[in-house]
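The structure appears below as structure tokens.
Note on naming: letters A, B, ... go to the chains in the order of the sequence lines (proteins, then strands), and numbering restarts at 1 for each one.
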Amino acid sequence: MPELPEVETTCRGLAKVLIGKKITEIKTLRSGLRIPFPEDLSKYMNGTKVISVSRRAKYICINLSNGYVLIIHLGMSGRIIIGKKEYVLNLHDHFIINLSNSQKIILNDPRRFGLVTILNTDEMESSKFFRNIGQEPLSDDLTPELLCSKLKHKKIAIKLALLDQKIISGIGNIYACEALFRAGISPKRKSNSISYKRASKLVNSIKLVLTEAIKAGGSSIKDFVHPDGELGYFATKWRVYGREGEPCLCNHQKNVLIKRIIQSGRSTFFCPACQR
DNA sequence: CACTCTCCCTGAAAGC
DNA sequence: TGCTTTCAGGGAGAGT
């Protein structure tokens with residue numbers, strides 16, 4: 001489930017492989033994913049060089065020498081594979097980039113919730129993909145003051161506010177649960193009841209869980225690339241996510257079990273004793 | 001406008 | 001054992 005940390009490590013891995021390389025050919029193996037592949041993708045990509053790889057929210061941005069940027073979203077099940085010349089296609093490989101050094105970048109996505117598109121770099125921020133996206137949680141833009149001002153008029157539960165990409169970008173279900181646990185805040189608490197003190201704790205927790213996950217990705221994968229070429233996925237030990245019925249890991253509560261509830265159709269895991 | 005619900009899709013896991 | 005059902009989730013768009 002690629003959220004910000006997985007996308008970030010994928011970008012760092014891609015940067016190592018892609019920067020300075022020339023794209024010789026691209027292949028689309030179906031008409032599209034969540035949205036159709038742009039018809040004239042080859043026209044924009046063939047013969048260009050990769051200048052840099054960046055991330056915005058959960059989007060991978062591959063910046064090309066001709067002023068365009070290839071946008072990849074991994075959706076829910078998407079993954080990027082670095083393949084050699086002799087790479088054999090697998091089920092659910094949908095999009096391939098061939099490089100001049102005969103390496104290949106493969107997008108594999110069983111559930112096809114991902115997307116691939118291309119934008120003019122100057123128009124990227126104002127495009128429909130990015131114009132409503134909130135602050136990057138790891139940038140200095142995300143402050144307790146900013147979070148407070150965004151939550152002040154919201155009646156929705158804080159967990160749902162964290163999932164709203166217009167408020168903060170890049171947080172998904174797992175890290176929303178983990179950040180709330182670290183901050184000791186109930187996922188059910190109304191957004192407009194978050195005090196400055198709680199917002200401050202929450203901002204710290206968000207930055208902490210995301211930073212730790214990126215660090216885990218970098219250290220558990222050699223140079224951000226698995227031996228099989230896969231990027232961005234790594235085992236993280238979560239404190240609440242997926243731990244329904246298991247004891248809370250805090251020191252001061254005994255025999256308190258992690259609970260699972262459904263909020264807007266999504267599972268939320270939390271400790272009813274630690275989180276208020 | 002604010003918010004919730006449904007849908008897209010496949011594969012793993014649970015249920016029968 | 002083997003079939004069927006359920007569940008997972010990001011984001012768009014429909015519905016309340």
**Item:** Test log, rule side-chain contact (heavy atoms from CB on, under 4.5 Å), inputs A:Leu74 and A:Arg79
**Value:** CA-CA 6 Å; A:Leu74 298 175; A:Arg79 61 194 69 202; 5.8 Å; no
**Asked** Roughly how bent is the helix from B:dA2-C:dT16 to B:dC16-C:dG2 end to end, in steps of 10 degrees, with each end axis from five pairs?
**Response** 60°
**Any donor-acceptor N or O pair under 3.5 Å, side chains A:Thr268, A:Gln263** = yes
**Item:** Interatomic spacing from CG in A:Leu89 to CG in A:Leu29 - rounded to 0.5 Å
**Value:** 5.5 Å
**Along DNA chain B (nearest heavy atom to each residue), the more 5'-positioned of A:Arg111 and A:Ile156** = A:Ile156
**Prompt:** Taking NZ, NE, NH1 and NH2 as the nitrogens, is one of them in A:Arg182 or A:Glu212 under 4.0 Å from a carboxylate oxygen of the other?
**Reply:** yes
**Asked** Going through the checks in order, is the side-chain contact (heavy atoms from CB on, under 4.5 Å) test met by A:Leu107 and A:Ile72?
**Response** CA-CA 9 Å; A:Leu107 173 60; A:Ile72 299 175; 4.2 Å; yes
**Request:** Give the intermediate values and the outcome of side-chain contact (heavy atoms from CB on, under 4.5 Å) for residues A:Ser169 and A:Gln165.
**Result:** CA-CA 4 Å; A:Ser169 64; A:Gln165 303 297 299; 4.2 Å; yes
**Prompt:** Is it true that the side chains of A:Ser54 and A:Asn63 contain a donor and an acceptor less than 3.5 Å apart?
**Reply:** yes
**Message:** Does either side chain, that of A:Ser267 or that of A:Arg260, offer a donor lying less than 3.5 Å from an acceptor on the other one?
**Reply:** yes
**Asked** Charged N to carboxylate O under 4.0 angstrom, A:Lys58 versus A:Glu6?
**Response** no
**Fill in**
Residue set satisfying side chain to side chain donor-acceptor pair (under 3.5 Å) with A:Arg266, at least two apart, ordered chain then number -> none
**Prompt:** Looking only at side chains, do A:Asn173 and A:Lys159 share a donor and an acceptor under 3.5 Å apart?
**Reply:** yes
**Asked** Could you run down nucleotides 10-16 of chain C 5' to 3' and tag each one B, S or - for protein heavy-atom contact under 4.0 Å?
**Response** BB-----
**Between P of C:dG9 and CD of A:Glu6, the distance in whole Å** = 13 Å
**Asked** Which residues, if any, of residues 147-155 of chain A bring a heavy atom under 4.0 Å of DNA chain B?
**Response** A:Lys154, A:Lys155
Donor-acceptor list for residues 140-157 of chain A side chains, cut-off 3.5 Å, not counting sequence neighbours:
{"from": "A:Thr143", "atom 1": "OG1", "to": "A:Leu146", "atom 2": "N", "distance (Å)": "3.1"}
{"from": "A:Glu145", "atom 1": "OE2", "to": "A:Tyr196", "atom 2": "OH", "distance (Å)": "3.0"}
{"from": "A:Ser149", "atom 1": "OG", "to": "A:Leu146", "atom 2": "O", "distance (Å)": "2.8"}
{"from": "A:Lys150", "atom 1": "NZ", "to": "A:Gln135", "atom 2": "OE1", "distance (Å)": "2.9"}
{"from": "A:Lys150", "atom 1": "NZ", "to": "A:Lys166", "atom 2": "O", "distance (Å)": "3.3"}
{"from": "A:Lys150", "atom 1": "NZ", "to": "A:Ile167", "atom 2": "O", "distance (Å)": "3.1"}

**Item:** Contact boundaries on DNA chain B for chain A, cut-off under 4.0 Å to non-hydrogen atoms
**Value:** B:dC3 to B:dG11
**Request:** Using side chain to side chain contact (heavy atoms under 4.5 Å, CB included) as the criterion, point out the one residue from A:Thr24, A:Asn66, A:Leu64 that pairs with A:Met45.
**Result:** A:Leu64
